[in-house]
Amino acid sequence: MNDHDSERMKGLLESLGYNEAPVRDDADLILFNTCTIRGSADDRFLGNLGEAKRIKRENPDVVVAVGGCWAQSQKELVFTEFPFVDIAFGPGELSRLGELIARERIEAVGAFSFDGAFSGTLPAKRERPFHAWVQISVGCNSVCSYCIVPSVRGRERSRHPEEILREIQDLAAQGVREVTLLGQNVNSYGRDIPLGERLTFAELLRAVGSVPGIWRVRYTSPHPKDMREDVIAAMAETPALCEHVHLPAQSGSSRVLKRMRRTYTRERYMELLMRIREGIPNVSITTDLIVGFPGETDEDFQDTLSLVRDAEYDGAYTFVYSPRPGTEAGESMDDDISPALKSERIQALVDTVHQVSRARATRFIGETHEVLVEGPSRTDPTKLRGRLRQNIAANFTGDAAPGSLVMVEISGASSTTLAGTQLGVPVTA
Ligand code: SAH
Ligand code: SF4
């Protein structure tokens, strides 16, 4: 979501006549799009903000703007703590960036409400020409005890289905072939739209999957509690919906899950995962996991390791618990797992994830898969890079143009990347 918002900020600035400066020291405007999901995001940002202060000291005409979730968490405090900041705004006020820049000439300006326009309605400067992020909802109504998102992105609001479909039709006309639908809790989509106008998430998936010119549809992140049979059926029955589900588990211990307020047990999560595997042949499943949550025992942690093995994940984002201000866990649970034990656990978890995903990746060897070509490989420019429908990256020998779909025979696998050779000419050019 942060990447999506950055693309919109760049698009909006370009529409106002700005261009990206090659080096920071040359910029007239320094704009940060901040994240505050973990303490480490804040720390990195504060380092960068220190450099902006130096630049501003040398050139007082430079405008320093701070947008995004960290700004929202600080609100007006930003201006007293960091007096060189000219503009600060939360993720719900992105659409007002142009107006804020204009007003800044008169006074420092802050904007922190949640009811502005969806950032998804703004012009975008996309990083990948054939792929687009499409915001379908913002905010989150869950109360996961570790998470700062609900307090910095507000209550959940869904975009109208017609507006989403119009945007995707426009993207297809511009040559976009793959879209990823975005929401903090993407599969609870639509409940705030009046009956009669709303689509369920499954209906929206089917509708997006039938937009001409869109070959691949993905979405992130669903919450297990809202993952219903109709979504699994839509994925199985709609050719454009890719065989990949990112299903954040957070922990393999039901005791920890309860304290996290995730509202499911390990058993319910595994049942759901099995239904997904049964319903969608050859699906890949990835997850998010946290280690070192307050009170996490060795046994709880072993449960997370065994979940990784039982679930046979194709990949996982792994995080060390970070207490966040204003959250239930951050305010009322003792951050009692020592940094040494946290780092021991994350290392063991990363190793287990690699082992499991490497073993899983070997299932592709000898098979032929459809790959959407992204461009030259980053490590070996004589090869091409692309992704399988399962969202697994492949480096392969071939001559297909970026943006085309090719069949690739897979001959090798590491935990994160497959290797192979293009077969024949592109399926679509
Ligand atoms: N809305 C999405 C993404 C939330 S943030 C979802 O629910 O899946 C992305 C991930 O960051 C979360 O899934 C969680 O694994 C991790 N995360 C969130 N808060 C955290 C915290 N305080 N400490 C460590 N990891 C955290
Ligand atoms: Fe955070 Fe939970 Fe909402 Fe995801 S579902 S954004 S983890 S509160």
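Count residues from 1 along the sequence. Counting starts at 1 for both ligands and their atoms, in listed order. Keep in mind that this is a model prediction, so the values were computed, not measured.
- Between Glu7 and Trp133, the shortest heavy-atom contact is OE1-CD1, 3.7 Å.
- Ranking protein heavy atoms by distance to atom 7 (S) of ligand 2, first place goes to Tyr146 OH, 3.4 Å.
- In terms of protein heavy-atom proximity, atom 7 (O) of ligand 1 is closest to Gln184 O, 3.9 Å.
- In terms of heavy-atom proximity, Glu267 sits nearest to Ser254 at OE1-OG, 3.3 Å.
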task = Might you work through the side chain to side chain donor-acceptor pair (under 3.5 Å) test for Gln184 and Ser221, ending with a clear yes or no?
result = CA-CA 6 Å; Gln184 292 302 332; Ser221 285; over 6 Å; no
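- Residues Asp310 and Met270 approach most closely at O-CE, 3.7 Å, considering heavy atoms.
- The shell of residues lying under 4.0 angstrom from ligand 1, judged by heavy atoms, excludes Asn185.
- Within the structure, ligand 1 has Val320 among the residues with a heavy atom less than 4.0 angstrom away.
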task = Test side chain to side chain donor-acceptor pair (under 3.5 Å) on Asp42 and Thr36 and set out the steps.
result = CA-CA 6 Å; Asp42 290 5; Thr36 192; 2.8 Å; yes
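- The closest approach between a heavy atom of Arg262 and any atom of ligand 2 is below 4.0 Å.
- Looking at Ser322 next to ligand 1, an N or O pair under 3.5 Å apart turns up.
- Judged by the 6.0 Å distance and 45° axis criteria, Arg157 is positioned over the aromatic ring of Phe118.
- The nearest heavy-atom contact from the protein to atom 8 (O) of ligand 1 is Pro248 CG, 3.3 Å.
- For atom 11 (O) of ligand 1, the closest heavy atom belonging to the protein is Arg38 NH1, 3.5 Å.
- Of the listed residues (Ile37, Ile148, Asn2), the one carrying the non-hydrogen atom nearest atom 5 (S) of ligand 1 is Ile37.
- Residue contacts with ligand 1, taken as heavy atom pairs separated by less than 4.0 Å, involve Tyr146 via backbone and side-chain atoms alike.
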query = Does the side chain to side chain donor-acceptor pair (under 3.5 Å) test come out yes or no for His246 and Thr287, once each step is laid out?
reply = CA-CA 5 Å; His246 182 68; Thr287 198; over 6 Å; no
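- At least one heavy atom of Arg324 lies less than 4.0 angstrom from ligand 1.
- With respect to Arg96 and Glu99, a salt bridge is recorded, a charged nitrogen being found less than 4.0 Å from a carboxylate O.
- Between Phe82 and Phe84, the two ring planes are perpendicular [angle over 60°; tilted spans 30° to 60°].
- The protein heavy atom nearest to atom 16 (C) of ligand 1 is Phe319 CD1, 3.6 Å.
- For ligand 1 and Gln250, the ligand atoms under 4.0 Å from any heavy atom of the residue are 12 (C), 13 (O), 14 (C), 15 (O).
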request  = Test Ser188 against His223 for side chain to side chain donor-acceptor pair (under 3.5 Å), laying out the working first.
outcome  = CA-CA 8 Å; Ser188 69; His223 194 301; over 6 Å; no
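- Looking only at protein heavy atoms, the nearest one to atom 26 (C) of ligand 1 is Ile290 CD1, 3.7 Å.
- Remark: ligand 1 atoms within the under-4.0 Å shell around heavy atoms of Tyr321 are 23 (N), 24 (C).
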message = side chain to side chain contact (heavy atoms under 4.5 Å, CB included) for Glu370 and Arg389? Distances and angles first, verdict last.
response = CA-CA 7 Å; Glu370 181 199 281; Arg389 293 174 58 87; 3.6 Å; yes
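- Between the CZ atom of Phe32 and the OG atom of Ser6 there is a distance of 12.0 Å, given to the nearest 0.5 Å.
- In this structure a side-chain-to-backbone donor-acceptor pair under 3.5 Å is present from Ser145 to Arg259.
- Between the side chain of Asp226 and the main chain of Pro222, no donor-acceptor pair closer than 3.5 Å is present.
- Within a radius of less than 2.8 Å around atom 3 (Fe) of ligand 2, the protein N, O or S atoms are Cys140 SG.
- Scanning the protein heavy atoms around atom 9 (C) of ligand 1, the nearest turns out to be Asp288 OD2, 3.8 Å.
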